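Step one of this worksheet: look at the structure below.
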Amino acid sequence: MKIEKPARYIGGEVNSVMKDKEKVDIRFAMCFPDVYEIGMSHLGIQILYDMFNRREDVWCERVYSPWTDLDKVMREENIPLFALESQDPVKEFDFLGITIQFEMCYTNILQILDLSGIPIYAADRTEESPIVIGGGPCAYNPEPLAAFFDIFYIGEGETAYDELLDAYKEWKASGGSRTEFLERAAQIEGLYVPMFYDAEYASDGTLKSFSPNNPHAPATVKKQVVTDVTDAPYPLAPVVPFIKATQDRVVLEIQRGCIRGCRFCQAGMIYRPTRERNVEKLKEYARAMLRNTGHEEISLSSLSSSDYSELKELVLFLIGEFKDKGINISLPSLRIDAFSLDVMSRVQDIRKSSLTFAPEAGSQRMRNVINKGLTEEDIIDGAGQAFEGGWSKVKLYFMLGLPTETEEDMKEIARLSDRVARRYYEIPKEERHGKCQITASSSFFVPKPFTPFQWASMCTAEEYMEKAAVVKKEFQEQLNRKSLKYNWHDERLTVLEGVMARGDRRVGRVIEEAYRLGCLFDSWTESFRSDLWMQAFENTGVDTAFYNLRERKEDELFPWDFIDIGVSRDFLYREWQRALAEEVTPNCRMQCSGCGAAKFGGGVCYEGKN
Amino acid sequence: MKARIKFRKYGALRFIGHLDVMRFFQKVMRRADIPIAFTGGYSPHMIMSFASPLGIGLSSDGEYFDIELREAVNSTDAVRRMNEACVEGIEVVSMKQIAEEKKMTGMTILAGADYLVSLKKGALPQDWKASFAAFMEQPEIRIVKQTKRSEKEVDIRPLIDRWEIRGEDIFLQLAAGSSQNLKPDLVMEAFCRYLDVSCDDAAFGYHRLEMYADAGEDGRRELVTLESLGWDME
């Protein structure tokens, strides 16, 4: 028996929590359905793990997807999936919580249930099975997974879990039925119990109606929001993996949400309103977390760090306090300007590091459509300053297949990259360091629920390939082509992601079929099987075109419409129309656009109003 | 100032590889606030060198690494702090100051190591103890050693300093270090071939007991533990 990286499965890491299982009321298995190194890098789980384990009556443990080698052994030898801390079977737990961070993990969720010996359909579970609860960004359209979960938690985990856990304890003591517990859970704000709702479809395949079939289930499920993130619990002693995780450092979440309002970005809408953590608190956290973990690196986390109002204060503190102690300071998602270049030059080796811009689109027209408030001037000036400061590597991120995209827009990706290179060669030869390296990458745009682009159509896999070919060809025609490099993503994954992102309950059968056919770890190139997925669509009679290849009507009922994220559908539609008219919408700090998130009573909506 | 740390590795942590153990101790140094010295340059790293990597799956009572200290610490206190910063499966046994000379690092002076090999029940024929003695009586034990580029036949018998049967286990004292190094699994592999039985990896458990330097003079071998070459810091 040879298992790659056995350390993935042994638990016992620094700061992992051990409790006496006889002395707790609730055992919670928290799962990230991907391999350990990916799952251990996720901040959300660390927050909930810490929060749950602060309760004396709860023991929260971790579960990750067994890699394909162990998966095989477990099936052959009938070893049930176990949690890392106690090494006890997940099946014995009260809860199995699964965070759903991206669409391509859906078959892994079925693997988790299957290997645990939990019936994959919620309807088949009895009082013996754990309550299977899902959360995370993909829970904002939980419908493709509706049949597999007992509960979805919509929104930020810090608010409603205590109530749920208390309700569970009461129910367990009362000896009630599973349905009784789920009825109780359905009444907690933010919790969605899929089996208490029925979906009906019209003859054209669209959703006709979606309504509760149980009196305890509300018609609308409200997203949960932490009003003041400064007071929210934060894990000051996160678990430190033995093996190198993708994110092997202290992570400081400086703020939640983003003021920018890019129209393709789901995070920018579902995490509204933008809320900042107090800078003094963050300084305390940094000290405590470095001491408690022994990590040699600290990183800031947010959707757009440059918009954090105390960024300068925080960054200068980190440099002053930790730089001399051999601690690396990593500053992702910074806008390139004089300040960020100055601090970056102090925390990294300029020659080795590269600068990253995310123009997302090549032409200004296209950037107006997506409301990306980054102009060509910003990019060229920022790159220029960086080149003069000694940098010579630049990464540029783009999307292809955006709504209203023309061939001209696509070609601008290559031309913009070339203009960045030209800016480099404006520097006198003796002052620059050899050739520059401009790496442009494009992904294919996938419309997400709760974005202004939720009405938009996608393209076929063939069309995506043609688009990438257009860009590739244009790159070859650029003056500085030898300094330019262009990569693009797998178009087959895009098609699948599209179906999962805006799918309805009928997509669940495809996921199950794909899993039965052997699909697993779909986000890993080495294990992604497009052929099996296409087979699954064929076997279940589900058509990808219905989900991907049509622009939706203004009043179409979407599978996720029963969720209230605070941002109104009217606002999203207004933004969709403004996108088509190429009109830019100012960010939250410049001017309020009345999206609806102000009703949560906090964050950027109330800045300067006290 | 240089110091040598001895530690044990056991239980599930025997599945943690050498590089991860190094990373683990770098973090222990920070959590325990040990004043370890760093190299200079753009990406400074801790001055820390391990005597001999332990293979995945092996447990040990005698692992060593040397570090450079910025200032003196109290040995007892430092050991306590490091153990508070450790987890079940790794235990710091001692921390001693060692000589400053470069050629005295654990890696350079390593000359031998003790192992205890445990046998899975029924893995070998019943009379294996007698067979092992006979196996060791051979004037030479030739095996094919795989290196990255080639394979060559070597006689490993001179690399076995001592052996004895301890209950149901086999004790082996083997040559270790940069010039001559013999791993216990190679001995057991050779023994299986000698017995003409097939043995899978799971048949034996390997436990490292101790590591030694050679303090002998005039070519006379005299092994002393790496720990004994240091002294306590008060």
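Since the model is a prediction, treat every value here as computed from it, not as a measurement. In the text below, chain A, chain B and the rest are named by the order of the sequence lines, each starting its count at 1.
- Residue N292(A) touches chain B through its backbone alone, counting heavy-atom pairs closer than 4.5 Å.
- The environment of E100(B) atom CD is dense: over 12 non-hydrogen atoms of other residues, nucleotides or ligands sit within 6.0 angstrom.
- At a heavy-atom separation below 4.5 angstrom, chain B is approached by P241(A), F242(A), I243(A), K244(A), D248(A) within residues 241-254 of chain A.
- Residue K19(A) qualifies as enclosed at atom NZ: its count of foreign heavy atoms under 6.0 Å is above 12.
- Between I16(B) and A7(A), the shortest heavy-atom distance links the atoms CD1-CB, 3.5 Å.
- In the displayed structure, K120(B) atom NZ is contacted under 6.0 Å by at most 12 heavy atoms of other residues, nucleotides or ligands.
- Enclosure of atom CD in E76(A) by more than 12 non-hydrogen atoms of other residues, nucleotides or ligands within 6.0 angstrom is indicated.
- Under the 4.5 Å side-chain criterion, counting only non-hydrogen atoms from C-beta, I10(A) is in contact with L13(B).
- For K283(A), the NZ atom counts as densely surrounded, since its 6.0 Å shell holds more than 12 non-hydrogen atoms of other residues, nucleotides or ligands.
- Checked against E296(A) for a side-chain contact (heavy atoms from CB on, under 4.5 Å), the options M29(B), K27(B), M46(B) give a single hit: K27(B).
- When the shell of 6.0 Å around CD of E153(B) is examined, it contains more than 12 heavy atoms from other residues, nucleotides or ligands.
- Side-chain contact between I327(A) and R30(B) is present, with at least one heavy-atom pair separated by less than 4.5 Å.
- Across every non-hydrogen atom of T293(A) and R31(B), the tightest pair is O-NH1, 2.7 Å.
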